[in-house]
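The basis for the numbers below is simple: all heavy atoms, side chains too, and nothing from hydrogens, waters or symmetry mates. Within every chain, numbering begins at 1; the chains are lettered A, B, ... in the order of the sequence lines, protein sequences first and strands thereafter. Everything numeric in this text was worked out from a predicted model, so none of it was measured.
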Amino acid sequence: KNQVEQSPQSLIILEGKNCTLQCNYTVSPFSNLRWYKQDTGRGPVSLTIMTFSENTKSNGRYTATLDADTKQSSLHITASQLSDSASYICVVSPNQAGTALIFGKGTTLSVSS
Amino acid sequence: NAGVTQTPKFRILKIGQSMTLQCTQDMNHNYMYWYRQDPGMGLKLIYYSVGAGITDKGEVPNGYNVSRSTTEDFPLRLELAAPSQTSVYFCASSYSGLLEAFFGQGTRLTVV
C-alpha cells in the first residue's frame, strides 16, 4: 500500500536552534517528493519539489534531502524562527500528472522564544 | 495577484442540505484539485481537473460532484450533506502535475 510516514509527530524547539524532520515512503512508482508548510488555519505552501535524480534542494533556511534508494527524505530547518511554527507535510507523487499525491500526516513544529 | 480563492471560509450545514464550495484561480493554471483534510490525517484528493471540460475522480469522490466550465473556476458540489463530510476543504491549482500546487485558504465545513 502506498504510504507516507512522518516523524516525529510533533516537535518543540527553541528559537535559533536547528531541527530535522523525517519522511519515509513506500510509494511506487515514484515521480517526485514535495515538502509543504501549513500554518494553522491556512492552506499548505510549497517549500521544495525533488525528482528521483535530486539529492538536495534548498529554499532559504529550509533544506530537503532525498534518498530514493532507501525511500527516505528529510527537511532540515536552520536557525529556526517563531514564524517556522507550523505543520510540515511530506507529499509523494507516483506519477507525473500530480493527480495521485500521497500526503503524510505532517509534523507539527513549535518554535518557542 | 490573488492566487487561489475559496469561498466561503466557514459554513454549517444541516444533514441533507446541499451547497457549493467555490474556487477560482487567476494564474491560468490547467490543473485544479479539491482535497479534504480531516483532523490528524493527510489530505485526500476528492476530484481533479486537467483543463476546462475535463474532470476525474480522486481517492474519495463519493457524495461530491464537480464541474470545470472555465479555466478559472472549479466548484465543488455537496449533495445531501452527511456528518462524515465535516472537514476542511482545500482547492489547489498548478500549471502542470510536475510543478508546485498553490492552495486556497480552505473552507471549514461542519455538518450537523
Side-chain angles (χ1 to χ4, degrees), chain A residues 1-10 21 23-27 29-54 57 59 62 64 73 86-108, chain B residues 2-7 9-10 21 23-25 27 29-51 54-61 66 68 74 87-109:
Chain A
K1 182 180 178 181
N2 287 335
Q3 286 188 315
V4 175
E5 300 289 341
Q6 294 186 242
S7 62
Q9 185 174 351
S10 62
L21 313 180
C23 174
N24 296 334
Y25 61 94
T26 59
V27 179
F30 172 86
S31 176
N32 58 76
L33 184 145
R34 311 163 185 217
W35 282 95
Y36 282 88
K37 177 186 179 188
Q38 184 176 21
D39 292 318
T40 301
R42 312 279 292 186
V45 175
S46 179
L47 294 175
T48 63
I49 298 178
M50 289 184 292
T51 60
F52 184 90
S53 59
E54 296 176 294
K57 184 165 277 189
N59 179 357
Y62 301 100
S73 176
S87 178
Y88 291 84
I89 304 172
C90 177
V91 186
V92 177
S93 179
N95 61 42
Q96 295 186 355
T99 54
L101 299 180
I102 312 297
F103 286 76
K105 295 179 180 181
T107 292
T108 300
Chain B
V4 179
T5 303
Q6 290 182 237
T7 56
K9 288 186 171 57
F10 303 94
L21 281 66
C23 175
T24 187
Q25 52 94 5
M27 297 173 281
H29 285 168
N30 295 319
Y31 288 63
M32 295 189 75
Y33 317 83
W34 273 106
Y35 293 94
R36 61 176 287 171
Q37 186 175 36
D38 299 323
M41 303 296 291
L43 276 74
K44 301 289 187 184
L45 181 64
I46 305 171
Y47 271 94
Y48 68 93
S49 169
V50 299
I54 306 170
T55 63
D56 208 345
K57 297 178 181 178
E59 185 179 359
V60 290
V66 294
R68 183 96 181 270
F74 191 42
S87 188
V88 181
Y89 292 83
F90 289 101
C91 179
S93 73
S94 63
Y95 186 72
S96 80
L98 286 175
L99 298 178
E100 66 176 318
F102 293 82
F103 284 78
Q105 292 194 11
T107 295
R108 185 174 296 274
L109 175 67

>> Tell me which of these, B/Ser96, B/Gly58, B/Ala101, B/Ser94, has more heavy-atom pairs under 4.5 Å with chain A than the rest.
In response: B/Ala101
> Can you tell me how far the CD1 atom of A/Ile89 sits from the CD atom of B/Gln37, to the nearest 0.5 Å?
Replying inline: 5.5 Å
>> Need one label for A/Ser31: side chain, backbone, both or neither, based on atoms under 4.5 Å from any heavy atom in chain B.
In response: side chain
> How long is the span from the CG atom in B/Leu43 to the CD1 atom in A/Ile102, to the nearest 0.5 Å?
Replying inline: 11.5 Å
>> For a quick test of reading the model, state the closest non-hydrogen atom pair linking A/Gln38 to B/Phe90 and the distance between them.
In response: NE2-CZ, 3.3 Å
>> Counting neighbours of NZ on A/Lys105 that are heavy atoms of other residues, nucleotides or ligands and sit closer than 6.0 Å, is the number greater than 12?
In response: no
>> Using heavy-atom distances under 4.5 Å, tell me whether A/Arg34 contacts chain B through its side chain, its backbone, both, or neither.
In response: side chain
>> Rounded at 0.5 Å granularity, tell me how far CD in B/Glu100 sits from CG in A/Leu47.
In response: 9.5 Å
> Under a 4.5 Å heavy-atom cut-off, does chain A meet the side chain of B/Phe102, its backbone, both or neither?
Replying inline: neither
> Top residue by heavy-atom pair count (under 4.5 Å) with chain B, among A/Ser93, A/Ser46, A/Pro44?
Replying inline: A/Pro44
>> At a heavy-atom distance under 4.5 Å, which candidate from A/Thr99, A/Asn32, A/Asn95, A/Thr108 has the highest pair count against chain B?
In response: A/Thr99
>> Between A/Gly43, A/Ala100, A/Gly106, who has the most heavy-atom pairs with chain B when the cutoff is under 4.5 Å?
In response: A/Gly43
> For A/Gln9, is it the side chain, the backbone, both or neither that has a heavy atom under 4.5 Å from a heavy atom of chain B?
Replying inline: neither
>> What I'd like to find out is whether the side chain of A/Leu101 reaches to under 4.5 Å of the side chain of B/Leu45, using heavy atoms alone.
In response: no
